[in-house]
Amino acid sequence: MNLVEELRWRGMIQDIMPGTEEQLNKEMTAAYIGFDPTADSLHIGSLVPILLLVHLQRAGHKPFALVGGATGMIGDPSGRSDERNLLNEEQLNKNLDGIKKQLSRYLDFDTVKPNAAVMVNNYDWFKGISFIDFLRDTGKHITVNYMMAKDSVKKRIEGETGISYTEFAYQLMQGYDFYWLYQHHNCKLQMGGSDQWGNITTGTELIRRKAGGQAFAFTCPLLTKSDGGKFGKTEQGNVWLDPEKTHAFKFYQFWLTATDEDAKKWIKIFTFLGKGEIDELITAHEKDASQRILQKTLAKAITIFVHGEDEYLKATETTEKIFANKTAPAESLSVEDLEGMEGVEKFDFPRTKIKEGIDIVSFLAETGILASKGEARKMLQNGGISINRIKVDSVQEIINESKLLHQQYILVQKGRRNPYLVKIA
RNA sequence: GGGUAGAUGGCCGAGUGGCUAAAGGCGACAGACUGUAAAUCUGUUCUCUUCGGAGUACGGAGGUUCGAAUCCUUCUCUACCCA
């Protein structure tokens, strides 16, 4: 299977320009994907483009990861119905550093290899270009008619808030990136999410008109969840790659709780397992879905890929403690079990209040597990709170020393999936 | 520059002087069922609360009124039409 066939089978190709497959089969091809510095960490939505680069490199081609130091100052209008807020320079630099650090983990930058990955920042070539130069050398090659025909622009022109000149010009900058990489690194292919198609084709057009060259492109589908929700969002917000922002346990849980439908799609995209193995897994899963083989395999592979083996093991340990033998009393957990619950939010609480005994509503609010007494009361009335694995059915319940595990812990669960450990100081 | 229609809770959208913290839908959270699944059903969803209430809120500011999301003035923004 060649690279394009492989990616197609995995469901990672949405649109592809004619000739792309032939180009990739012909020679080692340099290809790039741009990453926007909108935050100081990438989130799992960026994993798909990262994996495209990894697949590309594995197939012997040369990946370029571009961070948008210049384009990040402008803001991509694609996929947005309103104008972006401009990032200030300090934040931008912080974001660039964070993203660079993460990207460097996933690709092989060993310069001995001819297809070593390269990281570039488009600020490096944009900083020296004056506005006049840009208008004369680049703007002249592309008509406004062409630019306005792009979906991302058309939607905004027809939409409520309009589009600023700044964001309108964005596609020219991204187009220039591609042109620059084509000229300086012989980069002939750009990949990205399907929302990038318009920006990408402006690049190939610019290369054709300005350099008389031919460049190629393909995009991957934007992921959605089977329930139509945004991929990569949970009740806590984005699922980040940075373990400081999203702990490996939560990260693991995200994949483990995928629906069957999503798991079938995602296992092809987010693991490197071959077609045979995946077919077997799907068959096994359908035979006994309650084992959730797909979810477990998916969660394992991707957690190891992003956080490493150790973090994966810790995440499964914590998962065991919290979700396995649900009938086992919380008292059966050892001090080590409780202390070792990686990724479970921990709260301290003063012992004196426990000695006196405190009502459950105040306890939940004062620890910070719930934002206020009102919320705590509502959650209790909904039956959403368990203490030491036993559902609390009275708002009046008193927390005192008899509730302590090993004289100093209380295991609180909000719903089934949100555990908190309160440690009595 | 002239005219017309708009701006309501995370989003969509009803409401045109008191019965409105504001219908309905979506989303989100929780419960039941299950497999930490889906579908379905139920509850919650401005903030705080001693669960009795209290406070803030229908683009901004001011006004009329016992009482305003609703009426008036003005400002800001958006769409459409005319120049």
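First the proteins, then the strands, lettered A, B, ... as listed; each starts at 1. Every heavy atom of this structure was used, including side-chain atoms; hydrogens, water molecules and symmetry mates were not.
- Comparing B/C29 with B/A54, their P atoms are spaced 32 Å from each other, to the whole Å.
- Side-chain contact check for A/Gln91 and A/Asp40: no donor-acceptor pair (N or O, by modelled atom type) lies under 3.5 Å.
- Between the side chain of A/Asp288 and the base of B/G35, no donor-acceptor pair under 3.5 Å is found.
- Put simply, the side chain of A/Gln381 and the base of B/U44 share no donor and acceptor less than 3.5 Å apart.
- Among the protein residues, A/Gln295 comes within range of the nucleic acid bases, having at least one heavy atom under 4.0 Å from a base atom.
- In this structure, B/G52 is classed as syn because its glycosidic torsion stays within 90° of zero.
- Nucleotides B/G24 and B/G13, compared at atom C1', are 8 Å apart to the nearest Å.
- Across all strands, A/Gln291 comes closer than 4.0 Å to no nucleic acid atom at all (heavy-atom distances).
- Across the P atoms, B/U40 and B/G25 are found 14 Å apart, a figure rounded to whole Å.
- Taking the six-membered ring for Trp, A/Phe270 and A/Phe305 have ring centres at least 6.0 Å apart.
- Contacts of A/Asp288 classified as side-chain contact (heavy atoms from CB on, under 4.5 Å), with partners at least two apart in sequence or in another chain: A/Ser290, A/Gln291.
- Considering only side-chain N and O atoms, A/Lys373 lies nowhere under 4.0 angstrom from the phosphate OP1 or OP2 of B/C48.
- Between B/U20 and B/U70, the two C1' atoms lie 11 Å apart (nearest whole Å).
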Is there any protein nitrogen or oxygen under 3.5 Å from a nitrogen or oxygen in nucleotides 53-57 of chain B, and what are the pairs?
none

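- A distance of 6.0 Å or more separates the ring centres of A/Phe134 and A/Phe131.
- When only modelled atom types and interatomic distance are considered, A/Asp242 and A/Gln102 share no side-chain donor-acceptor pair under 3.5 Å.
- Looking at A/Thr201 and A/Lys150, their side chains do bring a donor and an acceptor atom within 3.5 Å of each other.
- Residues passing the side-chain contact (heavy atoms from CB on, under 4.5 Å) test with A/Pro49, sequence neighbours excluded: A/Ile33, A/Phe35.
- If you take atom P in B/A23 and the same atom in B/U16, they sit 14 Å apart, rounded to whole Å.
- Taking the P atoms as reference points, B/U44 lies 15 Å from B/C26, given to the whole Å.
- Ionic pairing of A/Glu375 and A/Lys378 is not present here: no N-O contact between side-chain nitrogen and carboxylate oxygen is shorter than 4.0 angstrom.
- In this model, the phosphate group of B/C48 is approached by a side-chain N or O of A/Ser372 to a distance below 4.0 Å at OP1 or OP2.
- Taking atom C1' on both B/C82 and B/C12, the two are 32 Å apart, rounded to the nearest angstrom.
- A salt bridge is absent between A/Glu261 and A/Lys265; no separation between the charged side-chain nitrogens and carboxylate oxygens falls under 4.0 Å.
- A salt bridge links A/Asp279 with A/Lys275: the closest approach of a Lys/Arg side-chain nitrogen to an acidic carboxylate oxygen falls below 4.0 angstrom.
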Pair assignment for RNA chain B - dot-bracket with | for other-strand partners, Watson-Crick or G-U under 3.5 Å: ((((((((.[[[..)..(.....]]]((((((.......))))))(((....)))...[[[[[..)....]]]]]))))))).
Got a list of protein N/O to nucleotides 31-33 of chain B N/O distances below 3.5 Å?
from: B/G31; atom 1: O4'; to: A/Asn382; atom 2: O; distance (Å): 3.3
from: B/G31; atom 1: O3'; to: A/Lys391; atom 2: NZ; distance (Å): 3.0
from: B/A32; atom 1: OP1; to: A/Lys391; atom 2: NZ; distance (Å): 3.0

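- The separation of B/U56 from B/A69, taken at their C1' atoms, amounts to 15 Å, rounded to a whole angstrom.
- For residues 125-138 of chain A, the side-chain hydrogen bond (donor to acceptor under 3.5 Å, both in side chains) pairs, not counting sequence neighbours, are A/Trp125-A/Asp177, A/Ser130-A/Asp133.
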